[in-house]
Structures are given as C-alpha cells and as structure tokens.
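Note on naming: letters A, B, ... go to the chains in the order of the sequence lines (proteins, then strands), and numbering restarts at 1 for each one.
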Number of protein chains: 2
Amino acid sequence: MTQKLKDEAILAPANGVTLIDVAKVAGVSPITVSRALHKPEVVSEQTRQKVQQAVEQVGYIPNMLAGGLASRQTKLVAILVPTISHSIFADLLKAAMDGLSEAGYQSLLGITDYSVDKEEQLLGTILGRRPDAIVLTGTEHTTLTRKRLGASGVPVVEAWDWTDDPIDMLVGFSHEAVGTAMAQHLYEKGYRRFAGLFVSDNRAMRRCHAFYEALSVLGIEADDAVVMSPPASLKEGREGMRELLARDTRPEVVVCSSDTLAQGVLAEAAEQGLQVPSDIAVMGFGDMANASQLHPALSTVRLDSARVGALIADALLKRFEDQRSCVRLDMGFELIDRQST
Amino acid sequence: MTQKLKDEAILAPANGVTLIDVAKVAGVSPITVSRALHKPEVVSEQTRQKVQQAVEQVGYIPNMLAGGLASRQTKLVAILVPTISHSIFADLLKAAMDGLSEAGYQSLLGITDYSVDKEEQLLGTILGRRPDAIVLTGTEHTTLTRKRLGASGVPVVEAWDWTDDPIDMLVGFSHEAVGTAMAQHLYEKGYRRFAGLFVSDNRAMRRCHAFYEALSVLGIEADDAVVMSPPASLKEGREGMRELLARDTRPEVVVCSSDTLAQGVLAEAAEQGLQVPSDIAVMGFGDMANASQLHPALSTVRLDSARVGALIADALLKRFEDQRSCVRLDMGFELIDRQST
DNA sequence: CTGTTAGCGCGTTCAG
DNA sequence: CTGAACGCGCTAACAG
C-alpha cells in the first residue's frame, strides 16, 4: 500500500503534486511544509523529518511560479551579454552563474548581439519574470531601458565597463584607460609606427579612440585604424591584416581590439613570412590563456573575466543580504608582455 | 493631469502596475486587457487600441509568474549544456536561443560541466519553474533524471548524440559512427601508424573506443590513446602531443577529440619543427570555421552545431504546435580534408 | 513551534 | 465581443 502510493506519486513530480499533497501525507498543514522546506530552523526537527520524508515519497517539486508570486522573490537572475562566443564573455557568464547558483539562484540568459535595442527588447520580457536582479554588459543603454530599470527597482549590475553615473552597481574598468595604456606601453617599448585593427562595437571603438588620442598626445601620427564589423573572428583578423599590409608603410606593431583578431593577424603574418615580434609586433585584448599558448611572442591587455563574473555574483549576493549594499568596483586591467617573460 | 498620471505611472513598470490598473485606465475589465494582449484577434480593434494605449501610459509589464501559474504555460525553455566555453556548444546554444526567442520563448541556462550528477541537480530546481520544454546535451542521464523527466511530462530534446531509446525528441548523431569514420577515412588515405589524443568526457571516449575498434577491424594495432581530463584547451593539446612524441615510434597521424586539442597539437608540432601534414598529420573534431583559418592543412570531422541548435528550436516549436509531433533526427556529420581543398 | 486567513496577478470557464 | 467568478500553488501576516 505504501509502496503503491509511492509508485503512483513518483510519477508526477512536476505534475499535480502540490504542497497540499505533501501536507496530507506528512499529517501537517501546508504552511508547515513550506516552512520545513525554506526555513528549517523555524520548525521542529521531528516535523521537518516527517515533511522531508513525505516530499520524497510523493516526489514533490516546489512550484517556483507560485512561490515567486506569493513571496515576490524569484531566485532568478537575468544576465545579458553581447555574445557567448568570445571566451571573455563565456568565462564571465560561467563564473557569475557559478557564484549565483551556489546561493540557489538560476540564470536567465539574454544575448544582445552588441545591440542596445536588442537589449531593450530582451529586457521587456525579462522584467515580466520579475528577476531578483539583472546583470547588464556595458553602460550604454536606451533611455527606455534606463527608465524601466529605474522604475522596476530591481538590483542591477553593469559590468565590463566604467562610468561615473551607473544605474546601480558596477563592476568593470575603463576602456578609455585601456586604449591610453596600450599606446603608452608600446611607445615606451620604442615603437613609433602604429596600426590599429578594431571591430566596430561600442567598447572597442572607445578603446580605439583613446588609443589614437594618446598617440597624438605623444606627438605621433598614425594612419586610421582598420575597422571591421563584428563578429571578431580569425577571418576578420586575417583580412584586416592583409589590408594593413597593403598600405604604403608597414607598421611596427598592430594593435587589435581582441585576442581573436590578434590570432588572425598572427596567422596572416605567418603566411606572409613575417616574424613576430621582430618583423611586426602584435598586441591583443582579452583573456590570453589560449593565445599565449599558441604564440608566446605577443603583448596583450589581460582581463580576468572569470573574476569579473565572480565579483558580479558577490555584489549581488551582498545586496540580497543587505539592501543598502552597492558595490562599485573598478577592477582595472593588466598589460602583459609575452616577449619579456 | 493626464501628464501627471503618466509620469507617476511610468515609474512603476515591474512594480505595482497590474492588469487591473490598465483595465481602469482603459475603462474595460481586466480580462479584456488580458485578451487584447494575448489574443488580439478576439477583441474589437477599438478596444484593443484603447488597451494598448493604456498599457503604454501606465508602463504595464505582464507578470509572467502569475500568467504562467494560471495558464500552465511559462514560455520558458531550459537548456543544459556541458560547457559554453567550446564554440560548438556556444554556437548550438546561440542558435537554439535565437530560434526560440523568435517564438517568444526565453532560455534558462544550465551548465553541467559534463557531469550527469550536476545535470540531475540542476534539473531539480529547473523543473520548479515549470519550463515548457527542456533541452539536454547527450543521452546519458541519471535514473532520477529520467524518472523526473518522464513524470513531469515536459517535452524533452536530447541533443548532440544518438540513441535508440531516447526520452522524447532527439537531434544529434552517433559518436560511435564518428570514431569509426575517422579510422576508415585515415586508413583509406594510406595512414598506418595512428595515435589518439582524447579528453575523458563520455562522448569523446565513445568516439575513441569506436576509433580503436575500427582500427583493429582493419587489422591495425595502435598504442593506447593519451587521455587527458577536461577541459580540452590548447594547453592539454600541447602536453598530450609532447607525450605522444616521446613514445618510441612516431605516429603518422594524431587523432584528437576536439579542434581545440588539435590546435594545441599543431602549436606543439610547429615548436618541434614538424611540418603538418607531411611530417605528421592531425585530425580534429568540431566546427572548423576557426581552426581552418589558422591552419589549412588539417583534417576534421565537421559539425554544424548552429544547425543543431536551430533544429532543436524547430523540433520544440513543432511540438508546441502539435502535441504529437516528435522529431528524431540523425543529422550526421561530415569528414573534411583541408589538405585536398 | 504550528495553524488560519487572505491574497499574490493572472487566465480559464462559463455566462451574457 | 465582453464580463464575473473562481482557482492556479504558494507564502505573509497574524493568531494561538
């Protein structure tokens, strides 16, 4: 009889089994079941065990829609990234999800394709799920996005960029500072003829402009950067490099908006018989764990994107604990010179 | 007055604004608002417009928790992948999400780290959101996973593998067939001394065993494969290659469980002054869009993972339209020979 | 420590 | 074409 009940019950986990069924089996009231599950410390150990047993017996799976509706707590975090095809954002996403899932939060993923309009559109439906928090990549958003976010009162983390006027929380670094640092670094190493190869997304372009601005402050004139449209794959890197090499004067160093692009540049350089970095140096931007394995003779701006993800999770969990907490963290970046190590 | 109302209202999208508020402003009943939003064809054009206007005026965002609870339709699809750091799964995920989001579905992402136990654990909480469908990578799952899935009645797609006994729908290919095909292909090209470099995840190991099995059928003895533990990054590729080259006899061709590994092998070969494919040939597995840009002299098993993702979305949408639809699709794979093109 | 009451915001069903 | 009543499954607030 018990066995029979069990067999029947286990066949309906996400189906009909509700709190009430568990309550009946355990011989307590529904609310006690709820408490045994979510606030074990407020229930006697004995009833907690009875409930736990009943839960397993009937194969109960809490309905988080109902729970969220009643408690206004969804245990859901929405994360919007421009792409998951770059290791930088894949690592960031993974780390953020890991941090959040340890605390029992699940992740609703949105991919914006580097478009603020798509971000706005995604946000519209996402807000309908009443997430406990939203993570945005970048600090550029449509006014409607800002309005909705502000009005909803949802905790927000803007990541991977810097601004003096964030929506709420902020974990990132200044792309202008990156561009400037790249120029100074290479200048100090003695390079004078520069070329730029950038993809036309917002942040890359800001690094690009800061780079050229810094060059001009240093008294250096450089040809305009080659600007490709996303995505930044090896193919674009090769094409861009061909374009650069077809110019009148050959640069001493090629500065790229991403590591992937830089890898393409390396591939094209190899094919054209150019030695790196003696004939031509290359500088990238990203998480060089991979690229440095391929080609040690490469400078780069190194970002620990997994750390950014972890910090995002931390910022949110802190906020969940203390409503007033508001992390704003400039985590900076690191210039690495593979040639000197 | 109207303006004032508007200003107030627009400040509370995800906050207090409910269907009832919209109804009041539009001068209709709540249910009419609901219909105007979800079944426009069943409402007069005039009231539809009134409602639409009211919605915008008060900044209403439908509460999908409440909606899902009442309608038993969440417009949510859970997607579980082993990792998002391999382009194969990133592309698959992206394509699946794109297909689904066009139809108004959002994606809850779960990363299993190649572990069926983690999959089981993720599934537990995911089912609590009552997703309209679940996408799983692979056909290997714990018995509890199977039990819960079967009981919940949620549409399931198993992807990226093949079995004669799927849980529900299936979009993938046989990894045994891949392993066998690799062996035959290379044999026909005249290679006789083989080496294997595999990562120890379930599917890679099955390709590995099928590969060695096929070799032995062809009457060829080969040394055991080098097996690395995940993740399969360039580093593992280089290390594995070093291990292979340290053996007594040098293989003519190295078969890898992934393109990333193969890239590492290429890098190590280059460093040791070996020409590919004349000194040593390399075969990979994955989406070669990138690797082929780096090194054209490489054979591979080519999978169009974006297409798999799109097919997953199609299979689900078809099921949503017609409950009886049950797609089971062996999409096969392609052996590509970069050397011959 | 446990139970009762009363919604959370919406969609389904049935009437009009 | 529109409305009223009811319930989805759960938890907050209070009582005991």
Side chain of A:Ser29: nearest nucleotide among D:dG3, C:dT4, D:dC8?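 The answer is C:dT4, which lies nearest to the side chain.
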
Without decimals, in angstroms, what is the distance between [X] [atom1] and [N] [atom2]?
X: A:Leu69; N: C:dC8; atom1: CG; atom2: P; answer: 9 Å
X: B:Gln73; N: C:dG9; atom1: CD; atom2: P; answer: 21 Å
X: A:Leu37; N: C:dT2; atom1: CG; atom2: P; answer: 14 Å

Judged by modelled atom types alone, do A:Glu158 and A:Thr139 share a side-chain donor-acceptor pair under 3.5 Å?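 There is no such pair between these side chains.
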
Between A:Glu45 and A:Arg48, does at least one N-O distance fall below 4.0 Å, as a salt bridge requires?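 So A:Glu45 pairs with A:Arg48 through a salt bridge.
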
Once side chain to side chain donor-acceptor pair (under 3.5 Å) is applied, what residue pairs with a partner in residues 88-99 of chain A remain, sequence neighbours excluded?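 The answer is A:Lys94-A:Asp98, A:Lys94-B:Asp113.
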
Applying the side-chain contact (heavy atoms from CB on, under 4.5 Å) test to A:Glu119, which of A:Ile126, A:Thr112, A:Ile111, A:Thr137 qualifies?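 Only one option passes, and that is A:Thr112.
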
Per-nucleotide protein contact string for nucleotides 10-16 of chain D (B base, S sugar-phosphate only, - none; heavy atom under 4.0 Å): BBBB---

For D:dT2, does either OP1 or OP2 sit under 4.0 Å from a side-chain N or O belonging to B:Ser44?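 True: B:Ser44 side-chain N/O within range (under 4.0 Å) of D:dT2 OP1/OP2.
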
For D:dG3, take OP1 and OP2 only and decide whether either is under 4.0 Å from a side-chain N or O of B:Thr32.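 Indeed, a polar side-chain atom of B:Thr32 lies that close.
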
More than 12 heavy atoms of other residues, nucleotides or ligands under 6.0 Å from CG of B:Asp164: yes or no?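 At most 12 heavy atoms, drawn from other residues, nucleotides or ligands, come within 6.0 Å of this atom.
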
Give me the atom names and distance for the closest heavy-atom approach of A:Arg203 to A:Phe89.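 Where A:Arg203 meets A:Phe89 most closely, the heavy atoms are NH2-CZ, 4.3 Å.
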
